[in-house]
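When a ligand or atom number is given, it counts from 1 through the structure's own listing order. By convention here, the first residue in the shown sequence is residue 1.
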Amino acid sequence: MPVSEGMIGGLIDLKRTEGEGLATQLTGQLRSLIASGRLGKGRALPSSRRLASDLGVSRNTVTYAFEQLAAEGYLKASHGRRPVVAIDGGERIEGARSVASSPRSARPRISPWASKLQQTDWPMSYQAPLKPLRPGHGDAREFPSEIWGRCLRRSAVRAAKRELGPVNRPRLREALAHYLATSRGVRAGADQILILPSAQAALTLIAAAVITPGDEVWVEDPGYPGAAAAFRASGAHVTGIRLDEQGMQRTPGLAAPTLMFMTPSHQHPTGRLMSLTRRTEFLALTRPGKTWIVEDDYDGEFHYDSRPVPALQGLDAYGRVFYVGTFSKAMTSDIRFGYLVVPPALVSTLEIAQRHIGLIASSHIQEALAEFIADGHFLAHLRRVRRLYHARRDHLVAGLERHLGEVLAVEVPSGGIQLVARLKRGRADQAAVTRLVEAGVVTRAISSLALGKPRDHGLLLGFAAWRENEISAALRTMASCF
Ligand SMILES: Cc1ncc(COP(=O)(O)O)c(C=O)c1O
């Protein structure tokens with residue numbers, strides 16, 4: 001049953017004891033109400049003042065939730081007006097009605113794991129449209145789809161003759177082990193590599209396998225929310241570690257945690273590169289068999305200014321590092337697929353967990369990928385788009401400096417697919433994102449990637465997925481918004 005305005009406050013249930021902030025809880029609950037169709041398209045929400053008073057929270061909390069949901073495309077907000085629901089979330093099908101309309105008292109009991117995941121807004125709920133300059137993507141238009149199609153076809157034709165299992169196809173493991181050793185300096189046997197549907201799946205699997213509730217986990221702050229979500233859902237106590245110019249800082253006085261999650265090649269979101277000294281310091285903090293590092297090398301394939309810095313995993317002589325990679329950026333988000341290099345002592349534990357959780361990637365696609373890599377198409381594609389993305393990064397940087405230099409300070413990353421432009425005045429990055437999204441330029445607020453109270457404010461802008469003329473058009477729009 002759709003919900004009337006007066007009832008909206010009554011449907012929100014904020015827990016002050018939860019680790020999750022009130023603003024994040026409110027954002028998640030409003031998002032669910034829209035996604036389930038209970039708040040239908042066109043429905044005006046109460047004003048921030050009214051909702052804040054109904055819920056007994058500060059107006060800032062409500063404003064944060066409205067701005068975040070506007071940035072994600074759930075709400076349409078315009079200055080001085082109540083926000084309006086922008087999408088039709090609920091499917092009108094028989095049977096779904098009874099679920100959508102069940103009273104609050106009949107909410108199903110769910111596990112702490114599911115409940116923690118519901119309270120985070122990442123990754124599936126980030127549904128901003130794929131328009132310039134949405135971060136996090138490579139250019140699917142540049143992907144050699146014809147060649148990929150031929151690999152898929154050959155894999156399909158061979159499928160009937162293929163032996164069933166193993167779940168991690170040996171040809172792909174071999175091809176990846178060779179690629180990772182030669183291109184990323186990863187030291188691993190093929191049998192240490194698990195093939196997974198995504199990098200996010202790798203994080204979930206690691207969390208399930210090594211986290212005991214209450215364990216301490218460090219993540220970068222600001223950082224990749226998918227990692228914090230996976231570890232928190234497993235019951236870990238997640239601490240955000242501040243950044244300096246080399247990414248995650250060494251924090252004297254903090255006892256070593258069970259796990260440290262980091263993106264040393266290009267810190268997500270800032271793009272900063274972790275120095276060799278810092279990498280060795282973090283490795284020295286770990287205790288073999290007790291403390292783990294998760295190195296997420298999500299876009300390590302893209303380096304422009306210097307030779308690529310080898311993976312941290314290659315420095316580790318004691319098997320303390322999980323190395324996570326994804327084809328989401330290097331190929332397309334549509335193919336996705338991820339992989340995980342597992343420390344030798346944990347291979348069988350992780351393989352068993354992988355099968356039981358069912359995080360098994362299609363053999364069909366695994367075989368096609370093995371051929372795509374072994375025949376040199378993957379490296380050829382990377383070489384080509386690396387040149388392209390390099391030029392696009394430079395185009396975006398030059399344009400930002402020329403047209404928006406008064407308001408934004410660009411931090412030029414040495415690689416990757418996105419960059420950070422900091423607000424020179426004020427901290428209102430969420431409001432800026434809302435304005436930009438309304439004008440047709442998609443970006444993400446750096447403060448929305450903070451673990452706790454945001455310390456950093458700015459815009460995360462993607463450059464890889466957009467042609468130079470598209471970047472120029474987006475820059476003109478941006479200039480008219482500031
Ligand atoms: C830092 C980081 N790690 C991991 C991922 C997830 O990759 P996948 O799409 O394979 O789950 C992303 C995706 O945006 C990312 O930015």
Side-chain angles (χ1 to χ4, degrees), residues 72 117 120-128 130 133-140 143 176 184 193-207 217-231 233 240-241 243 247-248 259-274 293-302 311-313 322-341 354 357 359-362 365-366 369 389 413 415-420 442-446 448-451 460-465:
E72 291 173 15
L117 284 179
T120 82
D121 72 340
W122 195 270
M124 301 326 282
S125 56
Y126 182 53
Q127 288 169 344
L130 190 52
L133 302 163
R134 179 173 163 160
H137 293 270
D139 193 342
F143 185 67
L176 265 174
R184 305 294 305 120
I193 302 179
L194 306 190
I195 315 295
L196 297 160
S198 61
Q200 189 62 36
L203 301 178
T204 300
L205 190 60
I206 296 169
V217 167
W218 291 355
V219 298
E220 298 156 327
D221 188 10
Y224 174 55
F231 296 122
I241 304 290
L243 310 175
M248 200 177 201
L259 189 145
M260 301 176 238
F261 171 85
M262 54 186 79
T263 49
S265 296
H266 309 122
Q267 197 275 330
H268 181 285
T270 58
R272 294 172 193 167
L273 176 72
M274 189 183 280
I293 290 181
V294 176
E295 173 179 22
D296 181 358
D297 202 18
Y298 64 107
D299 66 358
E301 294 83 5
F302 302 114
L312 184 155
Q313 193 270 3
F322 288 94
Y323 176 89
V324 177
T326 177
F327 291 103
S328 273
K329 325 287 176 192
M331 289 173 67
T332 73
S333 325
D334 198 37
I335 295 170
R336 219 172 179 204
F337 261 52
Y339 45 90
L340 171 61
V341 179
Q354 178 193 20
I357 306 180
L359 287 181
I360 295 168
S362 145
I365 302 182
Q366 288 196 51
L369 248 178
Y389 296 173
I417 52 178
Q418 56 209 7
L419 57 77
V420 169
V442 175
T443 152
R444 195 166 170 104
I446 298 299
S448 75
L449 300 170
L451 201 73
L460 184 60
L461 302 167
F463 52 79

What's the spacing between [X] [atom1] and [Y] [atom2] if we round to 0.5 Å?
{"X": "Gln200", "Y": "Asp296", "atom1": "CD", "atom2": "CG", "value": "9.0 Å"}
{"X": "Glu301", "Y": "Phe327", "atom1": "CD", "atom2": "CZ", "value": "8.0 Å"}
{"X": "Leu340", "Y": "Tyr323", "atom1": "CG", "atom2": "OH", "value": "11.0 Å"}

Quick check: [X] and ligand 1, any N/O pair under 3.5 Å apart?
{"X": "Ala199", "result": "yes"}
{"X": "Gln200", "result": "yes"}
{"X": "Thr326", "result": "yes"}

Q | Proximal candidate to atom 15 (C) of ligand 1 [heavy atom criterion; set Phe327, Phe337, Tyr339, Tyr224] | A | Tyr224

**Q.** Proximity winner for atom 11 (O) of ligand 1, if only heavy atoms of Met262, His268, Arg336 are counted
**A.**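 Looking at heavy atoms only, the winner is Arg336.
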
Q) Taking Leu196 as the fixed residue, which of Ile360, Leu359, Leu203, Thr326 is the one that meets the side chain to side chain contact (heavy atoms under 4.5 Å, CB included) rule? A) Leu359

Q: Could you list the atoms of ligand 1 found under 4.0 angstrom from a heavy atom of Ser328?
A: 8 (P), 9 (O), 10 (O)

**Q.** Side chains of His268 and Thr263, donor plus acceptor under 3.5 Å
**A.**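 Per modelled atom types, His268 and Thr263 side chains form no pair under 3.5 Å.
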
